[in-house]
Amino acid sequence: MTDATAASQNDAAGIPAASNGDGSGLYLVDGSGFIFRAFHALPMLTRPDGTPVNAVLGFSNMLLKLLADARAEAVAVVFDSKRLNFRNEFYPDYKAHRPEPPEELKPQFALIREATEAFCLPCLELEGYEADDLIATYARLAQEAGRKVTIVSSDKDLMQLVRPGVGMFDPMKNKAIGPDEVFEKFGVPPEKVVDVQALAGDSVDNVPGVPGIGVKTAAQLITEYGDLEALLANAEKIKQPARRQKLIEFAEQARISRRLVLLDENVPPPKPLDELRVREPDHQRLIDFLKAQGFRSIVSRVEMEMLKDGRIADGAGSSAAPASAALASAAPAAKDPAAAPSDEPAERPARKTVLNVPEVRYELVQDADALRRWVERARETGVLAVDTETDSLTPATATLVGVSLSTEPGIACYIPLAHGASTAAAGQLDFDAPPPPVQIPTAEAMAILKDVLEDSSVLKIGHNFKFDHQLFARNGIAVSPVDDSMLISYVLDGGAHGHGMDELAEMHLAYTPIPFKEVCGTGKNQITFDRVPLDKALAYAAEDADITLRLWTLLKPRLVDDRMVTVYETLDRPLVPVVADMERAGVRIDKKALSDLSQSLSVRLAEIEKDVHALAGQSFNIGSPKQLGEILFDTLKLGTGKKGKTGAYSTDSSVLEELAEQGHTIAQRVLDWRQLAKLKSTYTDALQEKISPVTGRVHTAFALAATNTGRLSSTDPNLQNIPVRTEEGKKIRRAFVASPGHKLLSVDYSQIELRLVAEMANIQALKDAFRDGLDIHAATAAQVFGIPLDQMTPDIRRKAKAINFGIIYGISGFGLGRQLGIAPGEANAFIKTYLERFHELKVWMESIKSFARQHGYVVTLFGRRCYMPGIQDKNAARRAFAERQAINAPIQGTAADIMKRAMNRMPAALAAAGSSARMLLQVHDELLFEVPEAEAEDAARIVRGVMEGAAHLGVPLVAEAGIGDNWEEAH
DNA sequence: GGGGTCACG
DNA sequence: GACGTACGTGACCCCT
């Protein structure tokens with residue numbers, strides 16, 4: 001069973017394959033460029049002897065990842081030679097403004113060459129030329145030889161080289177750069193980049209360009225005239241006088257600039273292209289080098305990365321006989337490296353053995369004795385990776401189809417339990433169908449597995465084990481203890497990338513697992529897992545258990561290295577059985593109430609639709625923003641309309657509300673239609689479909705590793721966004737009901753995020769206000785605007801409330817202004833006053849941003865890291881966005897941590913009090929329970945106690961409870 | 001499959 | 001001087 005989060009993660013943040021599938025691809029690493037970028041991007045770090053090595057570490061990590069991703073392709077590293085080169089001969093000022101490299105960087109140049117040699121990669125450099133020229137030359141040579149090229153660099157000067165067969169990869173952002181990305185940057189295709197650069201110039205490299213012309217203007221001119229020479233020849237025809245004048249005056253300077261930026265692809269190559277081939281690394285040498293730099297934490301990773309990388313002597317699966325039915329039935333084995341390049345890319349990269357295991361042994365287990373042998377083996381190893389296969393993604397109701405186990409890397413089995421069952425169950429008389437395979441009866445298999453799954457001395461490992469936990473729970477097995485490789489990855493790298501198994505296997509094991517769709521198909525041809533032939537089921541399922549164990553082996557030690565043990569052990573790991581039980585419980589829905597609502601909404605939508613069409617004078621699809629925009633702004637000409645970046649009119653609610661205020665009835669009617677259409681399609685219709693025929697309840701799935709901040713999310717259906725604000729929406733909440741004889745109990749934290757701002761930023765005035773139990777928005781309004789509480793007006797309180805919320809979001813004058821409907825300047829004045837009054841806040845926000853810039857992540861009060869990939873972005877807008885995220889994440893994340901602490905303690909607290917209340921849903925700051933009517937008040941008291949006691953801070957935590965027959969009443 | 005829109009905290 | 005803006009989610013619809 002592939003879990004929902006693990007599915008469909010195949011696009012990967014990975015590098016473009018400079019691959020013909022035969023090892024002929026060539027990666028050219030811009031070593032010189034990387035040094036500077038790594039140096040400035042990474043915090044300072046020194047060896048025990050004091051030598052700075054931050055750039056060396058960045059470089060080693062990058063190469064390591066590249067070698068894993070690049071698979072069995074050639075890699076070479078290119079360096080600048082000395083500072084002067086041929087460009088200085090005709091333009092002495094070229095790069096003249098470059099300051100001396102910082103002292104901490106200088107000793108790292110030599111070390112980075114050493115690192116390259118330790119990786120056994122060729123160093124390319126040539127006196128009188130820059131690395132860029134060598135890269136240009138080798139790219140040309142390789143392309144002529146039919147080899148695909150990937151330039152590993154983020155230097156915009158290299159973008160001119162992008163063409164079919166030549167791509168780029170930005171190792172800092174982990175992002176491929178192709179023609180589209182080049183166009184995004186320069187506004188022209190790669191072959192015209194030099195013309196744009198010639199006009200725009202570059203202050204960093206001291207390329208003069210034409211004064212007053214930047215990239216935007218340059219791109220526009222080059223697009224219009226074709227190229228630089230054509231533009232200069234037609235300079236007189238340019239309309240804007242200043243621009244015309246500059247282009248004429250600085251024509252020659254533009255030509256020189258073009259020669260400066262144009263890379264020389266005909267330099268004498270220092271090494272013949274043929275020498276740039278896949279090389280076998282010297283592991284010991286590399287490990288010795290890394291140890292000498294003090295990079296202890298990555299040495300073990302290196303060992304694994306290198307071992308599993310295709311370039312070691314195990315042959316990358318090319319000649320070794322397949323070791324099992326799993327491999328035999330898998331995709332074609334790797335092609336012979338000597339074979340001619342093929343035009344058609346392999347469907348999937350060749351299989352490779354992972355880690356230092358010569359072969360995989362996957363066994364199909366079809367009798368009880370064989371299963372007992374696996375149980376014995378698990379008792380010996382003490383660890384057991386477990387994965388379940390089912391016929392649906394809803395574990396509360398899915399049928400268990402099979403179980404796979406793995407006891408050590410490469411050793412796994414699959415135990416089919418219900419294959420071929422659905423045909424029989426459907427009673428179809430298909431005489432061609434094969435008879436059901438030999439299988440252990442599910443009950444017998446469960447009885448054998450129960451002992452080991454509940455054995456406290458055997459650690460069970462799963463990837464998204466919450467899913468499997470539910471299936472076993474339904475079979476009377478309470479699996480314990482459990483580790484979850486998905487959650488370990490989330491704790492280690494939350495915000496840096498996804499945590500689905502396929503994505504992690506690509507990243508950490510350089511391995512592409514068999515895609516689920518390859519086994520079960522897709523769309524209407526998709527089959528359930530019980531219809532999959534056993535050989536394919538074995539290959540897929542055993543591999544999942546195998547990979548889970550390998551990922552765990554790799555990631556688990558990092559918890560200690562990265563000091564994330566406590567976060568994992570106290571917050572995320574214990575949540576697995578708790579949330580599994582919530583999902584399994586499900587929530588009762590009054591189907592009749594929903595279908596009545598759907599019915600009445602249909603009628604009202606039809607009426608509104610008729611009105612709108614009449615007002616428009618024609619019939620159109622109101623649900624199409626495109627058609628609606630054209631009706632409003634082209635046909636009816638209600639104002640000019642705002643267009644977004646796609647050129648379409650914006651018709652969102654703010655636009656429609658403005659039109660409605662101007663008295664345009666149609667706008668208000670469309671708003672009404674939108675609201676009702678949303679409620680009907682997303683809630684009243686869809687929710688009915690989600691009621692399980694088995695349990696009669698709705699079972700959402702809470703994703704534990706989906707958000708950047710540590711929050712949960714809810715899918716299938718999302719029960720964290722059930723309407724509550726409008727009267728119509730509340731009717732939907734009333735359809736969430738308690739079982740007969742029961743009540744719903746809703747308990748939510750009051751103002752938890754603002755309390756945490758007061759706590760973390762240590763804002764004394766705000767903490768006092770919370771301690772005194774004041775109306776916090778009124779209190780801040782009093783402090784900020786200097787108005788006594790007894791003279792407070794609702795409008796002033798509203799403004800203070802908006803600022804309080806804004807703080808949590810990483811405030812901006814623009815955002816606050818828009819929220820309050822005032823000018824950004826006026827909003828800025830509010831913010832200024834607020835920050836003066838609560839001066840601790842400003843200090844805190846600055847320190848968070850600085851921390852984020854330095855480390856690339858922020859931390860919550862309980863130590864959870866949230867990675868912020870955009871914080872170093874050189875685009876100011878994207879950087880500002882990341883800064884707001886950096887402010888928000890510790891606040892939102894700490895609230896999420898506290899809620900998790902409360903949830904983890906809840907089952908024991910309820911049990912200890914003899915309560916039979918069941919936790920059903922979590923909505924970020926709210927928990928919903930179902931409880932026997934007589935126990936409701938007691939349960940409310942217990943739950944409030946656990947929630948308020950989940951953290952002991954300088955501000956009190958307050959939780960408020962409500963009890964009712966339905967969710968709306970309880971809320 | 002991406003964009004637009006809108007439901008929630 | 002222009003940019004592009006409040007944080008975090010997921011589901012639905014249209015349209016290519």
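Given the structure is predicted, the values throughout are model-derived calculations rather than measurements. Proteins get letters first, then strands, A, B, ... in listed order; numbering begins at 1 in each.
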> Look at all strands and tell whether A:Ala827 reaches a base, only sugar-phosphate, or nothing, counting heavy atoms closer than 4.0 Å.
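Contact class for A:Ala827: none.
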> Does A:Lys678 contact B:dC6 through a side-chain donor or acceptor facing the base, at a distance under 3.5 Å?
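Side chain to base: pair found, below 3.5 Å.
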> Between A:Tyr749 and A:Met947, is there a donor-acceptor pair closer than 3.5 Å when you use the side chain of the first and the backbone of the second?
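Looks like yes, one N/O pair under 3.5 Å.
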> Looking at every strand, decide which applies to A:Ile811 at a 4.0 Å heavy-atom threshold: base, sugar-phosphate, or nothing.
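A:Ile811: base contact, heavy atoms under 4.0 Å.
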> Please measure how far the P atom in C:dA6 lies from the corresponding atom in B:dT5, and state the result in whole Å.
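After rounding to an integer number of Å, I get 14 Å for this pair.
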> Looking only at atom types and distance, does a side-chain atom of A:Gln720 sit under 3.5 Å from a main-chain N or O of A:Ser714, one as donor and one as acceptor?
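A pair under 3.5 Å: yes.
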> Would you mind pulling out the nucleotide paired to B:dT5, Watson-Crick or G-U wobble, both distances under 3.5 Å?
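Partner of B:dT5: C:dA11.
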> For A:Phe881, which contact category applies under a 4.0 Å heavy-atom criterion: base, sugar-phosphate, or nothing?
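Sugar-phosphate, backbone atoms only, no base.
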> Take A:Leu816 and A:Asp716, find for each the nucleotide of DNA chain C with the closest heavy atom, and name the residue whose nucleotide sits nearer the 5' end.
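Upstream on the strand: A:Leu816.
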> Does A:Asn721 reach a base, just sugar-phosphate, or nothing at all? Heavy atoms under 4.0 Å.
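If one applies the 4.0 Å heavy-atom cut-off, A:Asn721 turns out to touch a base.
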> Is the ring centre of A:Phe830 less than 6.0 Å from the ring centre of A:Tyr834?
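No, too far apart.
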> Heavy atoms only, 4.0 Å cut-off, all strands: where does A:Glu926 land among base, sugar-phosphate and nothing?
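Here A:Glu926 touches no strand at all.
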> Regarding A:Asp748, tell me which of base, sugar-phosphate or nothing describes its non-hydrogen contacts under 4.0 Å with the strands shown.
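The answer is nothing, as A:Asp748 stays clear of every strand by at least 4.0 Å.
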> Looking at B:dT5, C:dG8, C:dT5, which one has an atom nearest to any side-chain atom of A:Thr709?
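Of B:dT5, C:dG8, C:dT5, C:dG8 is nearest to the side chain of A:Thr709.
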> What nucleic acid atoms does A:Arg674 come within less than 4.0 Å of, heavy atoms only: base, sugar-phosphate, or nothing?
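Sugar-phosphate only.
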> Quick one: label A:Ala896 by what it contacts on the DNA or RNA (base, sugar-phosphate, nothing), any heavy atom closer than 4.0 Å.
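Contact class for A:Ala896: none.
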> Which heavy atom of A:Ala396 sits nearest a heavy atom of A:His699, and at what distance?
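Smallest interatomic distance, heavy atoms only, reads CB-ND1, 3.4 Å.
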> Could you tell me how far B:dC6 sits from C:dA2 if I compare only their P atoms? Round to whole Å.
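Pairwise P distance, C:dA2 against B:dC6, rounds to 31 Å.
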> Give A:Gly810 one of three labels, base, sugar-phosphate or nothing, depending on what nucleic acid heavy atoms sit under 4.0 Å from its own.
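No contact at all - A:Gly810 keeps every heavy atom at 4.0 Å or more from the nucleic acid.
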> May I ask you to say what A:Gln885 touches in the nucleic acid, namely base, sugar-phosphate or nothing, with a heavy-atom cut-off under 4.0 Å?
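It contacts sugar-phosphate atoms only.
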> Would you mind classifying the nucleic acid contact of A:Gln819 as base, sugar-phosphate or nothing, using non-hydrogen atoms under 4.0 angstrom?
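Base, at least one base atom sits under 4.0 Å.
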